[in-house]
S.K.: 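Starting off with a structure, shown below.
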Amino acid sequence: MIVVNGLCKTFDKTPVLRGIDEHIHQGEKVVIIGPSGSGKSTFLRCLNLLETPTSGTILIEGEDITAPGANVDKIRQKMGMVFQQFNLFPHLNVLDNITLSPVKTGKNTKEEARDIAFSLLKRVGLEEKAGSFPGQLSGGQKQRIAIIRALAMSPDVMLFDEPTSALDPEMVGEVLQVMKDLAEAGMTMVVVTHEMGFAREVASRVLFMDEGLIAEQGEPDEFFKNPKNERTRSFLSRVGI
Amino acid sequence: MIVVNGLCKTFDKTPVLRGIDEHIHQGEKVVIIGPSGSGKSTFLRCLNLLETPTSGTILIEGEDITAPGANVDKIRQKMGMVFQQFNLFPHLNVLDNITLSPVKTGKNTKEEARDIAFSLLKRVGLEEKAGSFPGQLSGGQKQRIAIIRALAMSPDVMLFDEPTSALDPEMVGEVLQVMKDLAEAGMTMVVVTHEMGFAREVASRVLFMDEGLIAEQGEPDEFFKNPKNERTRSFLSRVGI
Amino acid sequence: TLKGPDKKLVVATNAQFPPFEYVTEAGQGVIDKYDGIDILIVQEIAKDHGFKIEIADMEFNSIIASVTTGKADIGVAGMTDTADRRENVDFSIPYWVAVQTIIVPETNTDITSAESLKGKKVGVVTGYTGDSALSDMGDINLLRFNKGIDAVMELTNGKLDAVVIDSPTANRFIEKFDGLKAVYDDTVFETEQYAIAVQKGNQELLDKINSTIERLIANKDIERFAEEIDARFQS
Amino acid sequence: MVQWIIGKWDAFSHDVYLNFIKESRYLLILDGLKTTILLSITAILFGIVLGGLATLLRRSKYGFLRAIGYTYVDVIRGTPSMMQLLVINFVVFASVNVDLFVVGTVAFGLNSGAYISEIFRAGILSIDKGQTEAGRSLGLSSSQTMTYIILPQAIKNILPALANEFIMLIKETAIVGYIAMRDLTKAGDIIRSLTYDAYMPLLAVALLYYLLVKILTLGIEWLERYLRASDMR
Amino acid sequence: MVQWIIGKWDAFSHDVYLNFIKESRYLLILDGLKTTILLSITAILFGIVLGGLATLLRRSKYGFLRAIGYTYVDVIRGTPSMMQLLVINFVVFASVNVDLFVVGTVAFGLNSGAYISEIFRAGILSIDKGQTEAGRSLGLSSSQTMTYIILPQAIKNILPALANEFIMLIKETAIVGYIAMRDLTKAGDIIRSLTYDAYMPLLAVALLYYLLVKILTLGIEWLERYLRASDMR
Ligand SMILES: Nc1ncnc2c1ncn2[C@@H]1O[C@H](COP(=O)(O)OP(=O)(O)OP(=O)(O)O)[C@@H](O)[C@H]1O
Ligand SMILES: Nc1ncnc2c1ncn2[C@@H]1O[C@H](COP(=O)(O)OP(=O)(O)OP(=O)(O)O)[C@@H](O)[C@H]1O
Ligand SMILES: [Mg+2]
Ligand SMILES: [Mg+2]
């Protein structure tokens with residue numbers, strides 16, 4: 001589904017991604033871990049073309065999204081992204097946050113978008129917040145809205161960049177629960193996170209990134225029990241596993 | 001050592017602390033937990049007079065620090081405080097960060113302060129960073145420097161307000177280690193934290209704050225195993241204990 | 001270059017130079033709210049040649065720029081004809097001989113002639129005749145103001161030793177302010193003459209203006225205007 | 001003592017009579033005030049259009065359009081407004097015969113347009129980059145993101161700054177006497193030239209400017225509070 | 001064609017001769033430029049002192065001192081600088097006989113002091129509250145915290161803003177002709193009154209202002225880059 005070949009990204013001469021090759025298949029739940037600054041966010045943002053790769057190719061369902069003339073907006077509609085800082089639109093209420101993109105991109109009519117939004121809100125238990133503004137929500141509620149806002153575009157893949165890092169510890173659980181439900185429903189997911197519990201429980205594959213490369217990968221059980229790479233071992237011990 | 005009686009604090013008519021009574025004895029390590037907005041930070045800041053209590057008294061070693069005419073600067077010199085956001089002085093190098101206050105308050109001469117600083121730096125393994133500026137340090141290093149900056153004033157009590165919340169997960173360990181060492185050395189400590197492992201291991205007493213009151217307290221083993229209060233139980237289950 | 005079918009003549013002036021041009025009671029001047037010797041002359045020009053007059057009241061320094069660029073048809077503001085200026089505008093025949101007056105405090109005794117201004121602080125108005133006359137003399141601490149009134153204020157405040165300005169204006173100031181007197185020196189201030197400025201090469205308009213001025217001079221009308229204005233000012 | 005006060009009062013009321021009442025001179029002031037206000041309004045409106053245009057130019061894909069926008073802002077911000085007024089009047093509009101009010105509007109509109117363009121730019125930059133990224137990641141185009149997400153938020157930061165620019169403009173227009181417009185300052189000048197009173201016309205005009213600016217400032221403060229309050233929703 | 005160019009060139013060089021060379025008129029311009037620069041420098045220095053004072057007043061414990069500081073800033077920001085200049089010269093300094101340069105320095109210093117006080121205030125507010133709290137919690141007094149912790153950091157934000165105020169001031173001083181000072185603008189005016197040339201003195205003076213401002217702007221950009229770079233240590 002997603003095929004990444006030789007992906008490199010350089011910021012002002014500093015190489016941040018140094019040649020990443022990766023296949024992500026339909027329905028996979030890939031969890032990416034790694035030390036700060038190793039390029040996890042940059043990798044995720046390249047998949048979405050929020051960063052333009054310096055070299056390498058990214059094929060999404062066979063289409064080369066890095067080719068000149070690729071319809072970037074169309075491609076992004078197939079990939080939902082959830083950010084650490086929620087990035088809800090503070091001037092729109094929850095319903096408008098969710099329906100803005102489906103309506104403006106012509107994907108749905110206003111009524112369709114509304115119906116979809118309400119069924120998604122029900123799914124995460126926030127129906128009664130439809131008329132609230134982001135400023136009136138807790139962090140956990142904001143992030144759940146951000147997730148369903150992305151889902152409203154019916155993406156084929158969901159990308160998550162540390163979706164729980166900005167949350168009070170109490171609210172981490174409710175967001176992870178929504179992500180677990182989504183995983184069970186069969187969504188293809190790529191998740192950058194520090195929540196090792198989540199990785200263990202949900203991931204079909206764990207990638208460990210270090211200095212712009214995928215240093216090690218494997219199924220979670222095997223990966224956490226027998227990390228082969230020296231850097232992986234020291235990282236895992238530092239985060240307390 | 002610290003005696004708090006009927007401490008109340010109101011911000012613009014919103015009561016945040018609603019009558020706190022608490023004795024903290026020499027050498028105790030008190031860990032405060034509780035949901036966001038329950039008043040933990042405000043309580044800690046009142047001890048230090050960074051917030052002026054609305055009513056109630058605080059006695060430090062018998063002296064009423066809320067009395068008019070109390071020498072606030074002198075009192076604060078006896079209490080070190082460590083913040084979530086480190087708050088190192090970015091324009092001064094590490095050594096100057098540590099020695100500024102002892103020298104300017106007349107506690108030590110320049111040379112004495114320097115010697116103390118170096119012995120503290122050695123204690124946390126950051127001797128070679130004496131000449132570095134805060135911008136050149138990792139989060140964990142910054143917080144360790146912030147701790148010894150406070151220690152350089154030889155305080156009788158150390159107050160910590162979520163000292164690891166702003167850190168990358170990898171760096172939490174090194175800071176907690178410094179705090180554990182400090183606890184073992186017999187320092188009186190009041191710590192607001194979400195690190196339940198630390199609470200279990202180090203606390204002599206755990207306070208659970210809720211809506212401006214101390215809702216429950218106890219020794220950590222007993223507290224975590226058999227929380228009596230309904231709110232405590234739901235809080236602990238939400239943070240995954 | 002007159003615009004429109006109604007033969008509108010745009011007259012650039014700086015109406016803060018009594019008795020030549022000044023603003024009078026709202027809406028009741030000779031032309032619009034404006035009165036003064038120059039305004040009366042302009043009115044005659046309008047009568048003679050069937051012009052409709054529009055007064056553009058601006059800073060003195062902007063008047064010539066308005067004429068050279070054609071934003072105004074003529075400049076009438078007690079302007080002195082000089083060779084340098086002739087490079088950029090054409091002047092009518094002169095209609096007034098300007099005598100410069102030195103204004104000093106009554107108590108002053110050492111300023112008796114233009115020569116004795118040397119080494120003194122003397123106020124003039126930028127671009128007025130006094131400015132160019134004193135600039136040529138050198139050795140004078142010359143302060144150039146934007147407005148005559150500002151210069152006289154500074155004189156009464158004791159910050160200047162003297163002000164040199166055209167005699168009719170000087171007389172007005174001396175009447176109005178206590179403690180000032182006039183000193184005359186015709187020998188040093190070479191006689192300068194007021195003329196009306198028009199855009200370079202506009203001979204047709206210049207001829208019309210000249211014909212009116214010739215008539216006014218022949219009939220001694222300009223002296224009469226001066227008396228008329230003086231009387232009106234007194235009341 | 002009482003005598004002295006009465007004497008002073010008489011002198012004062014005579015001065016008031018001379019400067020403002022006699023020959024309805026207060027009408028000059030009122031007229032000038034009207035011109036100052038009207039000119040500031042038309043100039044800020046023109047400036048907003050120009051500022052918007054300059055912002056678009058400066059965000060353009062094409063280098064030469066960016067250069068035009070940049071040069072405009074750079075030159076205006078690099079020269080005194082008096083110079084701009086004179087150049088607009090005597091060079092740009094040299095041989096065009098238009099109403100002075102139009103010349104003033106163009107000159108001060110050009111002037112404030114450059115500063116307004118900076119305000120727009122800062123307003124757009126003040127919106128967190130995350131908002132743009134969220135919009136784009138949902139598949140909205142660049143202009144849709146600007147229209148539906150960035151501008152509605154930026155407007156809150158822009159409005160008070162715009163109002164401040166309006167106040168600046170009111171004060172700047174004090175120099176239009178140079179192009180024969182009769183604004184508040186000029187009205188004071190004319191009265192001074194008639195009455196030879198150094199203080200009263202000057203202080204009266206200064207007071208009027210102050211009141212005008214004060215009323216607007218209070219309006220801005222109210223606006224800012226209102227916008228902040230509506231942020232809390 | 002060639003003929004035409006030669007003709008234009010001759011006319012141009014004759015104009016240059018008349019406006020700048022004859023009777024060493026360029027000296028007027030150079031002198032004016034010097035006055036503009038010197039006046040701006042003394043005024044900004046005086047303004048910094050006043051601005052600092054006003055900031056202290058506005059942070060004072062005593063209500064009436066705060067009121068003084070507030071009123072000063074409020075009145076200056078509420079009136080056109082031309083009004084301030086005229087009031088200072090004709091009302092405040094009415095019967096004091098001092099050098100015009102002093103009057104100019106006081107008028108523009110008073111003017112910029114109000115704006116500089118705002119710059120100081122913003123600079124201090126720009127430093128995170130955590131810095132003050134860290135300082136106080138270490139037992140430093142309020143003034144020690146200000147001296148050793150807040151000001152050294154605030155200065156980095158203040159310096160470029162101060163330099164900008166300096167540029168504003170240079171442009172503002174274009175009105176000192178009203179009190180008979182001979183600055184760059186006045187030099188142009190004098191030449192205009194001698195030659196009655198509408199364009200050349202005007203454009204020459206505008207160009208000089210532009211160059212002056214440009215050089216300073218580049219200096220500020222360099223300063224900002226330098227300060228930012230030194231932040232990275
Ligand atoms: N826009 C940018 N310009 C320059 N450098 C950048 C930019 N974005 C990221 N970097 C640098 O690239 C490196 C990798 O950044 P990235 O955000 O991908 O790391 P990460 O693995 O997500 O780290 P974290 O866990 O802290 O989020 C870092 O050194 C960062 O400073
Ligand atoms: N300066 C202030 N002005 C007004 N309200 C304040 C102020 N400081 C704190 N509060 C309010 O007081 C309440 C308690 O805040 P406090 O920071 O003490 O909570 P906390 O328990 O430390 O929470 P957290 O875990 O989020 O840090 C909150 O509702 C907060 O909004
Ligand atoms: Mg990241
Ligand atoms: Mg807190």
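Fair warning: this is a prediction, and the values are worked out from it, not measured in the lab. By convention in this document, chain letters (A, B, ...) are assigned in the order of the sequence lines, proteins followed by strands, and residues within each chain are numbered from 1.
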S.K.: Using a 3.5 Å distance criterion without hydrogens, assess whether the side chain of D:Tyr178 forms a donor-acceptor pair with backbone atoms of D:Met83.
M.R.: no
S.K.: Check this for me: does any side-chain nitrogen of one of A:Arg205 and A:Glu22 sit under 4.0 Å from a carboxylate oxygen of the other?
M.R.: yes
S.K.: Looking at A:Val72, A:Leu50, A:Val82, A:Asn48, which one has more heavy-atom pairs under 4.5 Å with chain D than the rest?
M.R.: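 Highest number of heavy-atom pairs under 4.5 Å: A:Leu50.
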S.K.: Would A:Arg149 pass as a cation-pi partner of A:Phe89, given that its NZ or CZ must be under 6.0 Å from the six-membered ring centre and within 45 degrees of the axis?
M.R.: yes
S.K.: A:Leu121 and A:Ile148: which non-hydrogen atoms are nearest, and at how many Å?
M.R.: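 Nearest heavy atoms, A:Leu121 then A:Ile148: CD2-CD1, 3.6 Å.
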S.K.: Under 3.5 Å, is there a donor-acceptor pair between the side chain of A:Thr188 and the main chain of A:Gln26?
M.R.: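 Judged by distance alone, no pair lies under 3.5 Å.
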S.K.: By number, which residues in residues 131-146 of chain D have some heavy atom less than 4.5 Å away from chain A?
M.R.: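 Residues in range: D:Gln131, D:Glu133, D:Ala134, D:Gly135, D:Arg136, D:Ser137, D:Leu138, D:Gly139, D:Leu140, D:Ser141, D:Gln144.
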S.K.: Heavy-atom cut-off 4.5 Å, strictly under: side chain, backbone, both or neither for A:Leu159 against chain D?
M.R.: neither
S.K.: What do you reckon, is CE of A:Met1 surrounded by more than 12 foreign heavy atoms closer than 6.0 Å?
M.R.: yes
S.K.: Count the heavy atoms of every other residue, nucleotide or ligand shown that sit under 6.0 Å from NZ of A:Lys74, and state whether that count exceeds 12.
M.R.: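 No.
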S.K.: If you count heavy-atom pairs under 4.5 Å between each of A:Gln77, A:Met81, A:Met79, A:Lys104 and chain D, which one has the most?
M.R.: A:Lys104
